[in-house]
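Written out below as structure tokens is the structure these notes cover.
Chain letters run A, B, ... following the sequence lines, proteins first, then strands; residues in each count from 1.
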Protein chains: 2
Amino acid sequence: MRATLGLIEESGLDQVTVRDAAERVGVSSGAPFRHFEDRAALMAAVAEEVQGRCRAEIDAELRRIRGDDPVERFRAMGVAYLRWALRNPTHFEITVTPRLYEFEETVALTRIRQEIAAQARGFLEEAQRRGMLRNIDLRVAFYAGRALVYGLARLAIDGHLSRWGVAKISLEVLDSFMAGYLHWKPGRRRKRQRK
Amino acid sequence: MRATLGLIEESGLDQVTVRDAAERVGVSSGAPFRHFEDRAALMAAVAEEVQGRCRAEIDAELRRIRGDDPVERFRAMGVAYLRWALRNPTHFEITVTPRLYEFEETVALTRIRQEIAAQARGFLEEAQRRGMLRNIDLRVAFYAGRALVYGLARLAIDGHLSRWGVAKISLEVLDSFMAGYLHWKPGRRRKRQRK
DNA sequence: ACCTGAACACCGTTCAAGT
DNA sequence: ACCTGAACACCGTTCAAGT
């Protein structure tokens, strides 16, 4: 798995070969199939590992937030997810690309992903309960946010944007969405002076 | 090309094989390479054809609009693009997936795509000139709309949504974005208020 | 318990030879 | 001008045989 992940990072998802991974570990071409049913299973295992890291980065970002503004937390999840995806394009790709393995068969991976989605949605629901959102269909709003972040990551990773400044403008777009669509105003608490 | 496109529609992008396509045309496995430099070139050619159809659907949708509301036109482009992508997932996929061929080398394809983007952006600019938009950074707003539509299509096509009702809710999200983010009101055709 | 290494089916791709 | 069909390199995958 480590070898596979290394190869993916170095050469991209499309170039990686079970044989190469085996060779990197110094083992024969058939050996991996004693540990993984097939190539898809290997990919799924790597994807799960990597999705776990994504989860960890989101958690880290959430931990940095003081106060209890659920919309701020919602935003933080988007920021962390987006940053993670842009910094680790191949990692993002392996977790979301269906051709590599069957989503339905990777229970753990799917669970992590659903937890992340549920958590983000939970923040939005809490915000609504507290009357912090404009009058809005929550299902639609959540979907919009999700599509926006996913689209930003995908546009960059699919190579539809000039490589420079993508991260910066992506975060700008996210904040523009937070302000313009959700009507969220950042509290003064999170302003930290920096020099 | 026709055979390739047929196979893609039937079995998906990942299953299609130059050999299969050749067989379908009743020709030997090496024959296609007399017409296309390699598999990538064949894919690029199919992608170009398909991107042209997308363009045509957008044009058709634009033609149905009366009046001259540029924001309505902007929306129509999004609607047409989204509908096209959701109805022809494999077509969408082949036009946007970088692993299949080099974007840089498919000049015609890239041009169509850029024209579409430029046209959409043009509508937004016109709207801004006419004072139909709230105070907004156009670059960011356009990027947001693009990411949203792309994200909606991608989420569905990558299989991250339950298959049912995807089209409906996607269009809801788009309209929610038009109203909630751009502050666009569908309004009557011959409205002209401007204060 | 784990690996080897030959084998198989399948691909993309090439190319001398055919029509 | 276009195609054939054998060949090559490369894959994923299997499996009898080894340690």
For residues 25-45 of chain A, run the donor-acceptor check on the side chains, cut-off 3.5 Å, and write out each pair with its distance to 0.1 Å, sequence neighbours left out.
from	atom 1	to	atom 2	distance (Å)
A/Asp38	OD1	A/Ala40	N	3.3
A/Asp38	OD1	A/Ala41	N	2.9
A/Arg39	NH1	A/Val16	O	3.0

**Q.** Annotated protein contacts, base or backbone, on nucleotides 1-13 of chain D with a non-hydrogen cut-off under 4.0 Å, one of B, S, - each
**A.** --BBB-B---BBB

**Q.** Counterpart residues, ring pair (Phe, Tyr, Trp, His ring centres under 6.0 Å), relative to B/Phe142 (two or more places apart)
**A.** none

Q: With sequence neighbours excluded, tell me which residues meet salt bridge (Lys or Arg N to Asp or Glu O under 4.0 Å) with B/Arg146.
A: none

Q) For DNA chain C, what is the dot-bracket line, given that a base pair needs Watson-Crick (N1 to N3, plus N6-O4 or O6-N4) or G-U wobble (N1-O2 and O6-N3) geometry with both distances under 3.5 Å, and | means paired with another strand? A) ||.|||||...|||||.||

**Q.** Where at least one partner belongs to residues 94-129 of chain A, residue pairs that pass ring pair (Phe, Tyr, Trp, His ring centres under 6.0 Å), sequence neighbours excluded
**A.** A/Tyr101-A/Phe103, A/Phe103-B/His160

Q.
Salt bridge or not between A/Asp158 and B/Arg154? Use side-chain N to carboxylate O under 4.0 Å.
A. yes

N/O donor to acceptor pairs below 3.5 angstrom from side-chain atoms of residues 79-93 of chain B, sequence neighbours left out:
from	atom 1	to	atom 2	distance (Å)
B/Arg83	NH2	B/Glu61	OE1	3.1
B/Asn88	ND2	B/Trp84	O	3.0
B/His91	NE2	B/Glu9	OE2	2.7

**Q.** Partner set under side-chain hydrogen bond (donor to acceptor under 3.5 Å, both in side chains) for B/Asp137, not counting sequence neighbours
**A.** none

Q. Which of residues 1-14 of chain A have a heavy atom under 4.0 Å from DNA chain C?
A. none

Which pairs would a plain distance check flag for residues 170-180 of chain B, meaning a side-chain donor or acceptor within less than 3.5 Å of a matching protein atom at least two apart in sequence or in another chain?
from	atom 1	to	atom 2	distance (Å)
B/Ser170	OG	B/Val166	O	2.7
B/Asp175	OD1	B/Arg75	NE	2.4
B/Asp175	OD1	B/Arg75	NH2	3.4
B/Asp175	OD2	B/Arg75	NH2	3.1
B/Ser176	OG	A/Tyr181	OH	2.3

Q: Please list, chain by chain and in numerical order, all residues satisfying side-chain hydrogen bond (donor to acceptor under 3.5 Å, both in side chains) with A/Glu126, sequence neighbours excluded.
A: A/Arg130

(Q) Run the side-chain hydrogen bond (donor to acceptor under 3.5 Å, both in side chains) test against A/Glu105 and tell me which residues pass, sequence neighbours left out. (A) none

